[in-house]
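As the structure is a computational prediction, the values presented were derived from the model and not from experiment.
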Amino acid sequence: MEGGAERGSECQRTTGGRASSDNGSSKATSIPSCCLKARASAPELDAKCHSTVVSGWFSEIQPSSGIGICLLCVSWDTLVHFCFNESLNEVYFNNPMWPGESHSLKVEKILFKDKSKYQEVLVFQSSAYGKVLVLDGIVQLTEKDECVYQEMITHLPLCSIESPQNVISGYFIGTLPSYNAGVWYPASLHSSVKLIDICEIDQMVIDVSKKFFPELAIGFEDPRVHLHVGDAIEFLKQAPEGKYDAIIVDSSDPVGPAQELVERPFFETIARALRSGGVLCNMAESMWLHTHLIQDMLTICRDIFKGSVRYAWASVPTYPSGVIGFLLCATEGPPVDFVHPINPIEKLDGALDYRREIKFYNSEIHRAAFALPSFVRREVEALRG
């Protein structure tokens, strides 16, 4: 589906945590075969495997010859050694995206490197995208394009309901940590919001965001924000039924322990915590790479949430395939029209002047995000009709 190498082998579904081919046979597996990432060329280096990308590495470019030399795949100690080698002419961080492609960012300076309890944390200054946050070899955000993801995953749901008050945003994981700090700021633009619960499992990531990405850490200063350091799934399970107007899910890729994030029990937990007519916005992969996962998620959510269920997308240059998707769901109750914002950002008192300007999102972008390419409508049965 994603390339010639996959033709001839059927894409396996993942609904219910089991993979099955189109002929109905099934076998236990964590992800479809078409989602298995490219294997590292040097397995003896113990490269970390992710569901959609390969962990990044540094390489040297010799300007006179234009030849790139791979210095390292993933070994953390080696990575640190090479990126500080003063004899290098140019160093690039190669951000793999999918088998056969990668996006390289020129490194000006390494700003931070360490291992937390959960993951390897790296921050470097790039020449074109500003500061870059990398966790376990995977680019999480850059100063240049972080606004797209943070603003869209927050404003798409919050601008679709009237006067949202209680919001929870978390990096929902199996046992895999990542980054969630940037969602706090756009949520704080909505003056009707009285409570913002934020869940992030890794304290080091919080500290790094405060030091190197202060604009994203503005939310720490907001008295409405309550930070919970821990697993967002466990936190949400303890929440009173119907507590939240909106739940924003920034999730890890559905592989290994995180497989549960695309399965029925996870979405049932979310629906229980939402009020009548409450909304969910869930990270929903790339339409260029994962139409089978999008289909599964849409099918499950339409059965659970009963209200409107839609798929939207936006362009993020440093994410796999350059796009990211969003799954928006409403529980049964007051109807929610996700496509046409009832609570437009332009009409919120002071929102456009609050602390930091909105860089990407507006009401036109909101409506356009739901316009889907023809191939997506053909491949995702749940989007037809």
Side-chain angles (χ1 to χ4, degrees), residues 1-3 31 34-35 37-38 48-57 92-106 119 121-124 126 128-156 169 171-173 176-183 186 205 209 213 216 248-255 258 261-262 281-294 297 311-328 359-361 365 368-370 372-373 375-376:
M1 181 175 63
E2 286 84 24
I31 54 174
C34 60
C35 265
K37 55 167 282 298
K48 296 185 182 299
C49 293
H50 299 262
S51 60
T52 57
V53 290
V54 183
S55 297
W57 66 90
Y92 283 75
F93 181 84
N94 300 289
N95 181 29
M97 294 186 160
W98 193 249
E101 63 177 301
S102 69
H103 184 195
S104 298
L105 300 175
K106 185 179 179 181
Q119 59 199 337
V121 181
L122 169 70
V123 179
F124 67 86
S126 71
Y129 281 81
K131 290 193 288 290
V132 181
L133 174 66
V134 181
L135 301 179
D136 273 347
I138 306 300
V139 170
Q140 301 296 310
L141 64 83
T142 75
E143 285 185 309
K144 186 170 186 175
D145 65 10
E146 58 80 18
C147 58
V148 182
Y149 184 72
Q150 315 295 355
E151 292 177 12
M152 291 293 281
I153 200 171
T154 306
H155 295 314
L156 284 175
S169 171
Y171 193 92
F172 287 76
I173 60 174
L176 306 175
S178 193
Y179 181 76
N180 181 61
V183 173
V205 171
S209 70
F213 302 93
L216 298 183
I248 299 168
V249 176
D250 180 14
S251 61
S252 54
D253 292 315
V255 59
L261 303 183
V262 294
C281 189
N282 198 109
M283 187 280 287
E285 303 295 338
S286 165
M287 63 184 179
W288 290 104
L289 306 174
H290 306 120
T291 50
H292 54 285
L293 290 176
I294 296 169
M297 295 171 74
Y311 186 82
W313 65 284
S315 174
V316 186
T318 53
Y319 279 5
S321 78
V323 303
I324 193 68
F326 307 97
L327 177 65
L328 291 114
K359 297 179 181 179
F360 185 83
Y361 176 89
I365 289 288
F370 295 90
L372 301 176
F375 82 89
V376 177

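Taking every heavy atom of both residues into account, K144 and A128 meet most closely at CD-O, 3.4 Å. The minimum heavy-atom distance linking K359 with E146 is given by the pair NZ-OE2, 4.4 Å. Closest non-hydrogen pair, L289 versus H292, comes out as O-CE1, 3.7 Å. When all heavy atoms of Q119 and V205 are compared, the closest pair comes out as NE2-CG2, 3.4 Å. The heavy-atom pair separating A314 from V148 by the smallest distance is CB-CG1, 3.8 Å. P317 and H103 get closest at one heavy-atom pair: O-ND1, 3.7 Å.
Here the CG atom belonging to L216 is positioned 6.0 Å from the CD atom belonging to Q150, to the nearest 0.5 angstrom. Between atom OH of residue Y129 and atom CG of residue L141 there is a gap of 13.5 Å, rounded to the nearest 0.5 Å. Atoms CE and CD1, on M152 and I324 in that order, are 11.5 Å from each other to the nearest 0.5 Å. Note that the OH atom of Y149 and the CZ atom of F326 stand 6.5 Å from one another [nearest 0.5 Å]. Note that CD1 of I138 and OH of Y319 are 12.0 Å apart. Values are rounded to the nearest 0.5 Å. Remark: L133 CG to T142 OG1 distance equals 10.0 Å, nearest 0.5 Å.
Listed by chain and number, the residues in a ring-ring contact (aromatic ring centres under 6.0 Å, His included) with Y361 are H155, H366 (sequence neighbours excluded).
For the pair L328 and F370, the minimum side-chain heavy-atom distance is below 4.5 Å. F360 places none of its side-chain heavy atoms less than 4.5 Å from the side chain of V316.
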### Test side-chain contact (heavy atoms from CB on, under 4.5 Å) applied to F93 and V132, step by step
CA-CA 10 Å; F93 181 84; V132 181; over 6 Å; no

